[in-house]
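Both backbone and side-chain heavy atoms feed into the values below; hydrogens, waters and symmetry mates do not. Each ligand, and each atom within it, is numbered from 1 in the order the structure gives.
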Amino acid sequence: MPESEMRAALFDRYGPPSVLYEAKVPVPRHTSEEIRVRVHATTVNGGELAARAGELRLLMGRRFPRHIGMDFVGEVVDVGSSVTDVRNGEFVCGVLPRSTELIGRRGSAAEYVTVKPNRVTRKPRNLTSVEAASILGGGTTSITALRDVAHLQPGERLLVRGASGGVGSMAVQIGKAFGAHVTGLAGSSTLDFVRDLGADEVFDHRTTRPGQLERFDVVLDTVGTDHATYRRLLTPTGRMVAIAFDTSHPVRSVGYLLASTVHGSRRIRFFSGNPQRELFTELVQLAEDGEVRPVVDTVHQLSDIAAAHAALEAGGVRGKHIIEVTPDSE
Ligand SMILES: NC(=O)c1ccc[n+]([C@@H]2O[C@H](COP(=O)([O-])OP(=O)(O)OC[C@H]3O[C@@H](n4cnc5c(N)ncnc54)[C@H](OP(=O)(O)O)[C@@H]3O)[C@@H](O)[C@H]2O)c1
């Protein structure tokens, strides 16, 4: 393959996992303010399934082919002339800006990404690229949700809905690191995994009625449905953070989230994460301190990205499906 070309995952229409394919595309050029990273590993996250399936087409439009992938771990291979804080040969991890997914002109399921240096930090010393990739998106989202949005305090009771997924598996660990009592709601096949991550209590979301659960100071919802039901489980000073909405009923779901904001302290807080270096650096520290551990379900090759999407879509994930793009050269 010429040096000006690279392998990347693309799709030409919205649809099932099989719309994804590996193609050769030009290697992206970096500007004087950017770095170019050779990607070792990226992951599949729940939002990307919805994006690929066309559930966000009103926001994403109909421009094809589209790239996919947001988080990445790799080696810096080029540094723009104005960049002073990142060096060639450094091993870094980061997430592309949120707008990347909506525009679709690039993605981290590719051999190279270009990015501003404030979107990366150095890779955790104690983790491989595959392991580091597994904590990035979920870890930064969980720190933002639990600390910055919910202001979770030691000793408080936290409920994580979707506790075995990419975000939930990190939220369980970070909730424990922040000193909370953590209850996880997950599928029956993953309850052992969620308990191993440190959850104090685990319940099967298919057989547990919300009314059977106790009250919580903080509810983190990664699922997007039944917001009203879970909001009722809050204590009078409780806080609910939602990171997803119901893509089958977007107007009703987003409408409810917006309407809830008029109900004072028990309003549902929604945010769309767009992490930068400071947040990655905090996460790396938690990993190096042993407060969070990697959550690798399965490692797939880039050419098998359709199978990776299908595997996540099938349910029962234990953390993250990883796409290994090029082998770790460290
Ligand atoms: N706002 C933000 O900044 C932000 C950031 C990251 C992600 N997100 C969004 O958050 C959502 C989750 O992302 P993710 O990457 O964690 O997805 P994921 O890895 O696919 O995990 C979803 C998890 O939810 C579980 N689940 C499904 N239905 C459930 C239910 N009724 N009750 C409890 N658990 C249930 C699944 O378990 P089973 O398959 O075993 O049922 C799975 O473990 C996506 O919609 C994504 O777009 C938002």
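No side-chain N or O of Asn88 forms a donor-acceptor pair with one of Arg36 less than 3.5 Å apart.
Within 4.0 Å of ligand 1, protein heavy atoms come from Asn45, Gly46, Gly47, Arg98, Thr141, Arg161, Gly162, Ser164, Gly165, Gly166, Val167, Leu185, Gly187, His205, Arg206, Thr222, Val223, Ile243, Ala244, Phe271, Ser272, Gly273, Leu312, Gly315, Gly316, Val317.
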task = Kindly determine whether Met240 and Arg269 satisfy side-chain contact (heavy atoms from CB on, under 4.5 Å), including the steps that lead there.
result = CA-CA 6 Å; Met240 179 160 170; Arg269 298 139 207 242; over 6 Å; no

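A salt bridge between Asp200 and Lys176 is present, with a side-chain N of the basic residue lying under 4.0 Å from a carboxylate O of the acidic one.
A salt bridge (charged side-chain N to carboxylate O under 4.0 Å, His left out) check over residues 285-299, counting only residues at least two apart or in different chains, returns the pairs Arg122-Glu288, Arg125-Glu288.
In the hydrophobic clustering, where aliphatic and aromatic side chains (Ile, Leu, Val, Met, Phe, Trp, Tyr) are joined below 4.5 Å either directly or transitively, Val296 groups with Val130, Val299, Ile322.
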Which atom pairs, donor and acceptor, lie under 3.5 Å between side-chain atoms of residues 62-73 and protein residues at least two apart or in another chain?
unit_1	atom_1	unit_2	atom_2	d
Arg66	NH1	Met60	O	3.1
Arg66	NH2	Glu101	O	3.0
Arg66	NH2	Leu102	O	2.6
Arg66	NH2	Ile103	O	3.4
Asp71	OD1	Thr42	OG1	3.2
Asp71	OD1	Thr43	N	3.1
Asp71	OD1	Thr43	OG1	3.1
Asp71	OD2	Thr43	OG1	2.8

